[in-house]
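Keep in mind the model is a prediction, meaning the values are calculated, not measured.
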Amino acid sequence: MTSGARGHNRRKFLGVAGGLAGAALTGWTPAFQLPAEAATLPTPPNFPGSIPLGQQAYQNWSEQIDFDAVWTATPATAADVVTLANWAHGNGYRLRAKGMQHNWSPILLPEGADASRVILVDTTAKLTGLSVTAGSPATATVQSGTSIDDLQAGLEQAGYGLLECTAPGDLTVGGVLAIGGHGSGVPATGETRPAGGAYGSLANLVHSLTAVVWNGSAYVLKTFSRTNSDIGAFLVHLGRAFVTEVTLQVIPNQRLRCQNWCDVSATDLFGPPGDTSTLDNYLTAAGRVEAIWFPFTGPPWLKVWSVSPAKPALSREIDAPYPYTFANFLTQQEADFLKEVEEGDTSGTPAFTNAEMALVGSGLITTGTWDVWGWSKNTLLYVQPTTLRIVEGGWAVLTRRADVQQVLHEFFHQYQSVLSTFQAAGEFPMNGPIEIRITGIDTTAEVAVTGAVEPLLSPVRPRPDHPEWDTCVWLDMGTLPGTPTALEFYTEMETWIWQHYSGDYAAVRPEWSKAWAHAAAGAWTDQSVITGTIPAAFRAGQPDSADWDTARTILNAYDPARVFSNPFLDVLLP
């Protein structure tokens, strides 16, 4: 990166850092909205008068994608979305489904795009219906603007839950499904998968969905069953479609124990296969794990969930989610370090990261949360909007269950090696954690629908040519936005990840919601990755009738005018 580019990033960070601190101290709330009559943007012509319209700012999770003013509509029903789509088609506008804005990548709106003919469609205000139907398995029919928090609460009230779930609950169901969102979990030794459970992405839970589609003369609502071959493109659609409702399979609710450990060194946890203290050992015993490790520190924060119908004697019972309150507010030390990074000084990184881990260790003790037990949502949901905002690069590595520890060991060794090279030059590009989660894949064997179709664009779609690849290792690397030399670090690591996990050993796909395709201009700018590497990753090993190009063809057929698109998606999914 040139010095001029670094200077630009630091200036951008001045605003971002202030926003991050403010959000962490006060909570994440939508930017203010002006009613149409008070707006500064040109009024969209012939806009349907029955649908509320206002001017609103838009910011993504890390506030690196920032718009001062975008038109935002608030439909009350799925029929309103149809009305909006037909209006947009007739007037040369585009619609973007807006949920909780908890996303890094530019699949909603890319930074710097012309938003003058864009309408954001707020799904969170009214498209929030939820009903649960008993059965084997039970199902939940839920509108796309419903939050994961509300979905989980509604399921618990009815006696049901999810086998695994995203850590944040301030996500919409529609947003999670659009990017192949996931939790962490594979079967533990001796564990029987409950009916309605799936170990891959949440998209694999879908039995049917309803989307707004072009029928040849107008946009209409169309419901796709899981056996309809076209549904494969809609299950994970990257914002290239507008889904209004889904029916998901769910499981009888489970009691989970979550033990939190900070006493196993990173070199042991991510050590070579066969060692006694590896993450693989915890995975075998419990099935559900997450490791959070800050650079320049010793032991990671290791979270281990296990199914536990009765409360273990040493566990503390919790009756609400988000028990780790110490991780969900901004400390003075974090605020001070934000200012240092803002000024281009990252020399305090080792002290900062060690303070972060010290906060975890002391926080688990002072809040009594090192060993908690309760209904599934209360241990699975733990990241709140007030947590410190970071950017994250993310990739999914498909491999054999037996090779998980090898994947982790090689990644950790490479991360440490590259980090040491930067450190030797007096540079500290990474000040956030690496986060490791392990899931299964989106096999249709776990879908309670005979003849179910696979999600074509899911990062964890199976590879027919490698049926032994039954597991996904999610590699996420975080740092504060605007950190000097972080882009160079991400670029070097991403290049290695794509090249290293290949052949008969493993395969890589992007984690859609995170940062990827790094180049000198930033994340999501490497055109060779966007137009070559990524499509190839979704073609490899797949039949020609159900691959990347098939998904593009289906999405284009149901939205030929590209009402549900943006300039970035026009390149990624032309």
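Within the structure, ring pair (Phe, Tyr, Trp, His ring centres under 6.0 Å) contacts touching residues 533-557 (residues at least two apart or in different chains) are Trp512-Phe538, Phe538-Trp548. Note on residues 445-456: pairs passing side-chain hydrogen bond (donor to acceptor under 3.5 Å, both in side chains), not counting sequence neighbours, are Glu454-Arg461. Applying the side-chain hydrogen bond (donor to acceptor under 3.5 Å, both in side chains) definition to pairs two or more places apart or across chains, none involves residues 78-90.
Every residue two or more places apart in sequence or in another chain that forms a side chain to side chain contact (heavy atoms under 4.5 Å, CB included) with Ala291 is listed here: Leu269, Phe270, Leu279, Leu302, Ile436. Checked against side-chain hydrogen bond (donor to acceptor under 3.5 Å, both in side chains), Gln384 has the following partners two or more places apart in sequence or in another chain: Asn328. Not a single salt bridge (Lys or Arg N to Asp or Glu O under 4.0 Å) links Asp149 to another residue, sequence neighbours left out.
A distance of 6.0 Å or more separates the ring centres of Phe47 and Tyr93.
Taking the six-membered ring where the residue is Trp, Phe67 and Tyr58 present tilted rings, their angle falling between 30° and 60°.
Each of Val563, Asn556, Leu555 was checked for a side-chain contact (heavy atoms from CB on, under 4.5 Å) with Asp559, and the lone residue meeting it is Val563.
Between Trp395 and Glu494, the side chains place a donor N or O and an acceptor N or O closer than 3.5 Å (distance only, hydrogens not considered). No side-chain N or O of Asp122 forms a donor-acceptor pair with one of Thr72 less than 3.5 Å apart. No hydrogens or angles considered: a donor-acceptor pair under 3.5 Å links the side chains of Ser376 and Asn253. Side-chain N/O atoms of Thr247 and Thr141 include a donor and acceptor closer than 3.5 Å. Of the N and O atoms on the side chains of Thr210 and Thr223, at least one donor lies less than 3.5 Å from an acceptor on the other residue.
Within the cation-pi definition used here (under 6.0 Å to the ring centroid, within 45° of the axis), Arg255 qualifies as a partner of Trp375.
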Please step through side-chain contact (heavy atoms from CB on, under 4.5 Å) for the pair Gln64 and Gln59, ending with a clear verdict. CA-CA 7 Å; Gln64 291 180 300; Gln59 293 171 330; over 6 Å; no
Run the numbers on Trp214 and Tyr219 for side-chain contact (heavy atoms from CB on, under 4.5 Å), then give the verdict. CA-CA 4 Å; Trp214 182 254; Tyr219 284 90; 3.3 Å; yes
Decide side-chain contact (heavy atoms from CB on, under 4.5 Å) for Val404 and Leu283; before the verdict, give the C-alpha distance in whole Å, the side-chain angles of both, and the deciding distance to 0.1 Å. CA-CA 10 Å; Val404 165; Leu283 191 66; 4.2 Å; yes
Apply side chain to side chain donor-acceptor pair (under 3.5 Å) to the pair Ser201 and Asn204, showing each step before the final yes or no. CA-CA 6 Å; Ser201 76; Asn204 208 34; over 6 Å; no
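Ile441 and Trp469 get closest at one heavy-atom pair: CD1-O, 3.4 Å. Ala507 and Arg463 get closest at one heavy-atom pair: CB-NH1, 3.6 Å.
The existence of a salt bridge linking Asp230 and Lys222 is excluded, since no basic side-chain nitrogen approaches an acidic carboxylate oxygen closer than 4.0 Å. Remark: Glu511 engages Arg437 in a salt bridge, criterion side-chain N to carboxylate O under 4.0 Å.
Listed for the Asp66 side chain is no donor-acceptor partner under 3.5 Å among the backbone atoms of Glu111.
Of the inter-residue distances, the one linking Leu235 atom CG with Arg226 atom CZ reads 5.0 Å to the nearest 0.5 angstrom. Between atom CG of residue Asp526 and atom NE2 of residue His518 there is a gap of 10.0 Å, rounded to the nearest 0.5 Å.
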